Each structure stands twice: as structure tokens, then as C-alpha cells.
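Just passing along the structure, written as C-alpha cells.
Note that the structure is a prediction, hence the values are computed from the model and not measured. Just so you know, these numbers use all the heavy atoms, side chains as well, and skip hydrogens, waters and symmetry mates.
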Amino acid sequence: MANRAAPNRGGRPRREYTPEERRAIERRRRAERERRQRRNAALIAVCSACVVAVSSVCVWYFGSVKPNDNYDAQMRVGVENFNAGKYERAEDAFLQALTKRPNDPDALVALSDAYAAEGKYDDAIRGMNALQGVDSGDVRSYERLISWYVGVLKDMASANKQILAAYERQLALTSELISPAPAFDPEPGDYDAETSFAIKAGQGLTVYYSTDGSVPTPQNGKEYAKKISLKNNKETMYTAVAYDQYGLMSWPATARYSLTIRYGVDTSAVAYLGDTARSIMDSVGPLYYTSYDEGGYYYHDETEACYYVFPSSYFTIEEETTDGSVEISA
């Protein structure tokens with residue numbers, strides 16, 4: 001029986017292809033697939049190019065100096081330009097950042113650094129003064145101002161003002177330009193025997209000190225030359241500063257010393273027992289009452305350099321005089 005072609009959906013018999021026709025059909029199908037693949041690849045390339053173009057526009061828009069840009073973008077652009085040595089562009093970017101966040105500490109510091117790199121120190125100083133007005137505890141303003149005043153402007157008086165301002169606010173500066181605070185030896189404290197102390201500083205530095213709570217200067221302080229002896233029954237607060245040959249001050253140092261010496265009662269002292277209290281006072285001047293201890297009355301003279309002890313078994317206090325001394329009698 002002869003082979004008959006199977007009918008297709010329309011009821012027509014399905015055509016049988018020869019091997020040559022089948023190979024031709026396969027070649028056409030393969031060519032069509034390759035064409036579609038090339039077309040899809042081209043579409044992908046076009047889309048990728050569009051994405052890159054849009055991204056580039058966004059980077060340009062958000063990374064350039066425009067009044068509508070955001071703070072972070074401007075700060076990033078400013079830092080990149082500053083590191084590349086393009087200080088004017090960095091300045092513009094930091095200014096734009098400040099329009100987004102007025103008085104922002106980081107932007108003020110960055111802008112002042114850009115000004116300083118351009119040699120615009122007046123503008124840089126104004127920027128750091130503005131930062132101190134916003135946050136007086138930001139140590140970056142003091143350290144930068146000290147660096148510019150000392151290293152470039154040679155203005156030690158202005159640098160010292162910044163050191164004093166930071167000291168008064170109890171800030172910890174790390175600038176290597178500032179000498180360490182002077183040291184007191186022996187350590188400050190309370191003593192019960194005759195004591196003297198030294199104030200030590202680095203080589204080539206001149207030390208000045210005060211006892212009234214002020215920070216000493218070469219104009220109003222006392223120049224330290226030798227050990228300082230403590231005075232009995234006296235507490236004193238010392239403030240010391242060391243100055244270098246250019247007039248730049250160190251970090252100030254403070255120390256509290258007090259001396260209290262208790263003298264024993266010597267009842268065998270003929271001078272005390274043989275003379276009346278009045279005769280003793282006539283020879284040495286007024287004596288001022290200090291304390292009563294161990295059976296005796298303790299007095300010092302006007303200089304506070306000499307102390308006298310009167311045994312209570314022989315002398316008694318009468319009354320206080322108008323000059324502050326105390327009358328005593330046998």
C-alpha cells in the first residue's frame with residue numbers, strides 16, 4: 001500500500017519535504033535566531049548606554065556646584081577637589097554646602113582649610129571664629145588658629161589668646177607647637193615642715209608665676225629664678241607659664257601649697273619666763289595670735305617670719321587691739 005501524508009488541521013494532507021528542503025528550512029530558522037539575538041543584543045546595548053548616560057547626568061548634576069545640590073554631595077566634591085589641589089573648586093563646593101547647612105562645623109573647618117591653602121588667612125580666621133561662636137568646645141578651631149598665627153602670620157599674641165581661651169574652657173589641645181605645662185617639685189599639697197619648691201620647664205623656656213589666680217605674662221608675672229619658700233600658716237595658689245624665645249606661651253599649670261608648723265611649748269625658755277609679755281612686744285613689735293595648742297599661745301610677728309610661743313601657765317590673753325594684735329600679760 002502506498003504511503004499517504006497525514007492530514008493537517010485544515011484537513012489537507014501534510015506535505016512531505018525532501019532532505020534538501022529540510023536543510024534549507026533549518027538554515028533559515030538558524031539565521032532568524034541569529035538575527036533575533038543580534039537585535040536583542042543591540043537593544044541591551046542601547047539600554048545600557050541610556051543608563052550610563054542618565055547616571056553620568058546625575059553624577060554631573062549632583063556633583064557640580066549648583067544651588068540646588070545637597071550637603072553631602074557638595075562636601076564630597078569639595079574634599080575631592082581639595083585633595084587634588086584644586087582649592088578654588090573646593091572653596092566653591094564648601095560654600096554651597098554651607099548654604100544647605102549654615103554654620104555647619106565640618107563645612108566651616110573644610111572651607112577655612114581651603115582658604116588657608118589659597119593663602120586667604122583673613123577669610124580662614126573668620127571661618128574659625130565663626131566656628132567658635134557656634135561651638136566654643138570644638139578644639140579644631142583653636143588648633144588651626146594657633147597653627148596659622150605661629151607658623152605663617154608670626155603673631156604670638158593672637159596665638160597666646162587662643163591658648164588662654166582653650167585653657168579657660170578646660171579643653172585638651174594636641175598641638176605640638178604648645179610646650180607642656182611647667183612642673184612643680186615637690187608636688188603641691190599640705191606641709192608641716194619648712195619647705196621650698198621648684199618650677200621646672202623645658203630648656204630655653206622662661207617661667208613666670210603668679211599668686212593671685214591670674215595667668216602670668218612677662219608683663220604682669222613674676223619671673224621664676226630660684227626655689228620658692230612656703231610661709232607658715234599660709235595657703236597659696238600658684239599659676240605658672242613658660243614662654244619660649246618668640247613669646248609663645250606653654251600650657252598653664254596651677255599648684256596649691258600650704259604650710260602649717262606647730263611649735264612646741266618650751267617652759268624652760270628663760271627669755272619667756274624672765275620678761276613680761278609687754279617687754280617682749282615692745283622689742284619685736286605687735287604679735288598676732290595664731291592658735292592655742294599644747295598648753296601655749298602661738299603668735300607671729302608682722303613679717304610672719306618669726307613665731308613665738310607663750311606658756312599658758314605664765315601668760316594669759318587680755319584683749320584684742322585695734323591693729324589686730326592681741327595683748328597678753330603675765
Side-chain angles (χ1 to χ4, degrees), residues 75 78-79 81-85 87 90-91 94 104-185 187-188 197-210 214-225 238-255:
M75 289 296 292
V79 171
N81 281 291
F82 185 89
N83 292 336
Y87 303 122
E91 173 189 332
F94 295 138
D104 176 76
D106 292 337
L108 285 172
V109 170
L111 177 60
S112 295
D113 285 344
Y115 282 141
E118 296 179 80
K120 301 177 180 178
Y121 287 100
D122 289 341
D123 293 329
I125 291 170
R126 277 194 291 270
M128 289 299 90
N129 288 335
L131 175 55
Q132 289 182 4
V134 173
D135 183 2
S136 61
D138 195 320
V139 299
R140 295 176 295 179
S141 63
Y142 303 93
E143 292 177 345
R144 279 166 169 76
L145 286 171
I146 292 169
S147 175
W148 298 333
Y149 282 132
V150 174
V152 180
L153 303 176
K154 309 301 180 184
D155 185 352
M156 303 305 161
S158 295
N160 288 341
K161 288 180 180 179
Q162 294 301 318
I163 296 174
L164 280 175
Y167 171 75
E168 291 171 355
R169 292 179 172 87
Q170 299 182 341
L171 303 177
L173 302 185
T174 59
S175 173
E176 296 180 355
L177 297 171
I178 306 174
S179 300
F184 293 85
D185 183 30
E187 293 183 357
F197 65 90
I199 306 176
K200 300 179 179 180
Q203 186 175 2
L205 301 177
T206 303
V207 175
Y208 294 86
Y209 70 95
S210 67
S214 64
V215 177
T217 67
Q219 291 74 36
N220 63 21
K222 301 176 183 179
E223 183 175 351
Y224 172 79
Y238 294 87
T239 304
V241 174
Y243 289 82
D244 65 16
Q245 59 181 329
Y246 304 105
L248 183 66
M249 66 184 295
S250 71
W251 197 251
T254 59

Problem set entry | Nearest-0.5 Å distance that lies between atom OH in Y243 and atom CG in L205 |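 Those atoms lie 11.5 Å apart.
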Exercise. Under 6.0 Å between ring centres, would you say that holds for F94 and F82?
Worked result: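 For F94 and F82, the ring centres are not under 6.0 Å apart.
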Exercise. What are the two closest non-hydrogen atoms of V139 and A172, and how far apart are they?
Worked result: CG1-O, 4.1 Å
For this session: Given side chain to side chain contact (heavy atoms under 4.5 Å, CB included), test D123 with L111 step by step and report yes or no.
Result: CA-CA 9 Å; D123 293 329; L111 177 60; over 6 Å; no
Exercise. Could you go step by step and tell me if S158 and L153 meet the side chain to side chain contact (heavy atoms under 4.5 Å, CB included) rule?
Worked result: CA-CA 10 Å; S158 295; L153 303 176; over 6 Å; no
For this session: Look at the rings of Y209 and Y238 and say which category their plane angle falls in: under 30° parallel, 30 to 60° tilted, over 60° perpendicular.
Result: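 Ring orientation of Y209 relative to Y238: tilted.
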Problem set entry | Close side-chain approach of D104 to V134, heavy-atom, < 4.5 Å |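 Side-chain contact under 4.5 Å: no.
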Problem set entry | Straight-line distance of I163 CD1 to L248 CG, nearest 0.5 Å | 4.5 Å
Problem set entry | Taking every non-hydrogen atom, the tightest pair across A240 and V207 |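 In this case the closest contact between A240 and V207 is CB-CG1, 4.3 Å.
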For this session: Answer yes or no: is there an ion pair linking R169 with D138, defined by an N-O contact shorter than 4.0 Å?
Result: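 Result for this pair is no, no salt bridge flagged.
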Exercise. Shortest non-hydrogen contact from M249 to I178?
Worked result: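 Closest pair (atom of M249, atom of I178, distance): O-CG2, 4.2 Å.
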For this session: May I have all residue pairs that pass salt bridge (Lys or Arg N to Asp or Glu O under 4.0 Å) and include part of residues 141-168, sequence neighbours excluded?
Result: D113-R144
Exercise. Between T217 and N220, is any side-chain donor less than 3.5 angstrom from a side-chain acceptor?
Worked result: yes
Exercise. Of the non-hydrogen atoms in A116 and A124, which two are nearest, and what is the gap between them?
Worked result: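 That would be N-CB, 4.0 Å.
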Exercise. Which value, rounded to the nearest 0.5 Å, describes the distance between Y167 atom OH and S250 atom OG?
Worked result: 10.5 Å
Exercise. Is the shortest heavy-atom distance from the side chain of S214 to the side chain of T239 under 4.5 Å?
Worked result: no
Seminar exercise, completed: Between P252 and V215 the two heavy atoms that sit nearest each other are CG-CG1, 4.2 Å
Exercise. What is the distance from atom CD1 of I125 to atom OH of Y149, rounded to the nearest 0.5 Å?
Worked result: 4.0 Å
For this session: Determine, stepwise, if the pair M128 / W148 fulfils side chain to side chain contact (heavy atoms under 4.5 Å, CB included).
Result: CA-CA 11 Å; M128 289 299 90; W148 298 333; 3.7 Å; yes
Exercise. Going through the distances and angles, do V150 and Y246 end up as a side chain to side chain contact (heavy atoms under 4.5 Å, CB included)?
Worked result: CA-CA 10 Å; V150 174; Y246 304 105; over 6 Å; no
Problem set entry | Separation of E176 CD from S147 OG (nearest 0.5 Å) |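 These two atoms lie 10.5 Å from each other.
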Problem set entry | S175 to I146 - nearest heavy-atom pair and separation |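 Heavy atoms only, the tightest pair is OG-CG2, 4.4 Å.
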